[in-house]
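Residue numbers count from 1 along this sequence.
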Amino acid sequence: MAVNVPYVTLNDGNKMPQVGFGLWKVDNDTCADTVYNAIKTGYRLFDGACDYGNEVEAGQGVARAIKDGLVKREDLFIVSKLWQSFHDYDQVEPITKKQLADWGVDYFDLYLIHFPVALKYVAPETRYPPGWFYDGESKIEHSNASLESTWRAFEDIQKKGLAKSIGISNYNGALLLDLFTYAKVKPATLQIEHHPYYVQPYLIKLAEQHGIKVTAYSSFGPQSFIECDMKVAADTPLLFDHPVIKKIAEAHGKTPAQVLLRWSTQRGISVIPKSNSQNRLQQNLDVTSFDLKDNEIQEISDLDKNLKFNVPTNYGIPCYVFA
């Protein structure tokens, strides 16, 4: 049975599915099939990035789905992100065009600044995706590009139709407030790490005050990071096993994953889970058809530890963007 996924209306009038599929850590050899199958299952939003290194394969999955008549391009909402090696104003448009070519599409529905830090340019011919290190091994080198100049480039690629909506990811409150002083176009969305161990209520409130829709990534907390050999994730109790989450899941006849995703979607936040299992793929899409009680939402929010996993230093990368 098809799942009816609601849309959220962005501040530029564009509509975005509230539940999508995240492409981080999707293997290249399975990515095209995964995207095709997700489209078949009912997913319409795909969240990609230069850094994920699988945009070509994701685009192949999209092309096959369009060719087979499952969807038209306008039915899909494709998200990608600018990597920090391309923050210089003059590099933004060329790399956006490269990413569009990799996907095999003419425009992104949403294009985001991936991290609020500029690294020295690495030519795609040298290494792509470039990763964090200038030398490909251990050396972090920053660029002189300001976040303001990068946002100006974003406003220009939107004018040219390369991205229908533009937004940001991993910005904090201070950076948002600074952005509001120079942005001619406010970001349509803010994508952040968001789960019961890292709730960020005031950042979400600030975004809401300015009409910016929030998308949560890593909705399952430490789950996403254990396979990255991250000690802090391995040392943190899994949310799927947490007594509060399990109790609420049982009360509603849902899985812990569905409860975690509903905790976000019921509060107006969009989610981009991924799964390799067909059963979980369908379950993750069906996270707006039931309601948690107010006290259950509060119970989950009260698990907050202000614990952020997606920090470069947690991977052993000496970039102090979240210092």
Side-chain angles (χ1 to χ4, degrees), residues 12 14 23-24 26 28 31-32 35 46-63 73-74 76-137 139-171 175 179 182-191 312 317 319 321:
D12 54 16
N14 293 326
L23 291 163
W24 181 42
V26 175
N28 293 72
C31 186
V35 168
F46 290 88
D47 180 84
C50 155
D51 190 52
Y52 303 164
N54 56 13
E55 294 197 291
V56 169
E57 293 82 0
Q60 289 166 351
V62 164
R73 167 64 185 96
E74 56 269 28
L76 298 174
F77 195 98
I78 296 175
V79 184
S80 192
K81 307 179 192 79
L82 176 84
W83 188 244
Q84 37 268 34
S85 310
F86 307 109
H87 271 223
D88 296 83
Y89 179 91
D90 292 342
Q91 300 300 343
V92 172
E93 186 176 326
I95 204 65
T96 307
K97 287 178 171 173
K98 174 185 168 30
Q99 290 179 258
L100 287 167
D102 285 350
W103 272 94
V105 297
D106 298 327
Y107 64 90
F108 287 125
D109 295 275
L110 174 63
Y111 196 54
L112 307 174
I113 295 176
H114 201 151
F115 280 92
V117 59
L119 299 179
K120 198 168 173 184
Y121 175 69
V122 175
E125 303 77 41
T126 303
R127 191 175 63 254
Y128 191 86
W132 286 89
F133 301 120
Y134 181 66
D135 59 359
E137 290 177 20
K139 197 173 185 186
I140 294 281
E141 286 207 23
H142 291 273
S143 146
N144 290 326
S146 68
L147 290 174
E148 179 175 356
S149 68
T150 307
W151 189 249
R152 291 259 177 272
F154 265 55
E155 291 174 334
D156 289 345
I157 63 165
Q158 185 184 34
K159 273 185 208 153
K160 291 178 181 178
L162 300 177
K164 291 199 168 182
S165 297
I166 52 175
I168 49 178
S169 181
N170 296 303
Y171 273 51
L175 290 175
L179 186 149
Y182 57 75
K184 292 178 189 151
V185 176
K186 271 190 181 174
T189 70
L190 165 66
Q191 187 175 126
I317 298 166
C319 182
V321 58

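Across all their heavy atoms, G167 and P187 have their closest contact at CA-CB, 4.0 Å. Residues E93 and K160 share a closest heavy-atom pair of OE1-NZ, 2.6 Å. A pairwise comparison of heavy atoms in C319 and P312 identifies O-CB, 3.5 Å as the closest pair. Contact record, S169 with P116: O-CD, 3.8 Å, taken as the closest heavy-atom pair. Between A49 and S80, the shortest heavy-atom contact is CA-OG, 3.7 Å.
A donor-acceptor pair is defined here as one N or O able to donate and one able to accept, closer than 3.5 Å; no such pair exists between the side chain of D102 and the backbone of E55. Looking only at distances, a side-chain donor or acceptor of T96 sits under 3.5 Å from a matching main-chain atom of V92. Put simply, the side chain of N28 gets close to the backbone of G53: a donor and an acceptor are under 3.5 Å apart. A distance-only check finds no donor-acceptor pair linking the side chain of D109 to the backbone of V79 [under 3.5 Å]. For the pair S149 (side chain) and Y89 (backbone), a donor-acceptor distance under 3.5 Å is absent.
Looking at C31 and L23, their side chains come closer than 4.5 Å, going by heavy atoms from C-beta outward. Residues I113 and Y171 form a side-chain contact, since some pair of their non-hydrogen atoms from C-beta on lies under 4.5 Å apart. Within the 4.5 Å cutoff, the side chain of H114 has heavy atoms near those of the N170 side chain. Looking at I168 and Q191, their side chains never come closer than 4.5 Å, going by heavy atoms from C-beta outward. You'll find the side chain of K81 stays beyond 4.5 Å of the side chain of D51, heavy atoms only. Y134 places a side-chain heavy atom less than 4.5 Å from the side chain of V122. Within the 4.5 Å cutoff, side-chain heavy atoms of I140 are placed close to those of F133. Side-chain contact check for V185 versus D12: every heavy-atom pair is 4.5 Å or farther apart.
Note that CD of Q99 and CG of L162 are 11.0 Å apart. Values are rounded to the nearest 0.5 Å. How far CD1 of I166 is from CG of N14: 11.0 Å, rounded to the nearest 0.5 Å. Within the model, atoms CG of L119 and NE2 of H142 stand 6.0 Å from one another, a figure rounded to the nearest 0.5 Å. The CD atom of Q91 sits 4.5 Å away from the OH atom of Y121 when rounded to the nearest 0.5 Å. Rounding to the nearest 0.5 angstrom, the gap separating the CD atom in Q84 from the OG atom in S143 is 11.0 Å.
Using a 30° and 60° split on the angle between ring planes, F86 and Y128 fall in the tilted class, from 30° to 60°. Ring orientation note: the planes of Y52 and W24 are tilted relative to one another, at an angle of 30° to 60°.
Salt-bridge check for D156 with R152: failed, with every basic side-chain N at 4.0 Å or more from each acidic carboxylate O.
E155 and W151 share a donor-acceptor pair across their side chains, judged by distance under 3.5 Å alone.
Of the listed residues (W103, F77, F154, W83), just one forms a ring-ring contact (aromatic ring centres under 6.0 Å, His included) with Y111, and that residue is F154.
In this structure, R73 satisfies the cation-pi test against Y107, with its NZ or CZ atom closer than 6.0 Å to the six-membered ring centre and inside 45 degrees of the ring normal.
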What's the verdict on side-chain contact (heavy atoms from CB on, under 4.5 Å) for Q60 and V35, showing C-alpha distance, side-chain angles and the deciding distance? CA-CA 9 Å; Q60 289 166 351; V35 168; over 6 Å; no
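The number of heavy atoms from other shown groups lying within 6.0 Å of CG (N144) does not exceed 12.
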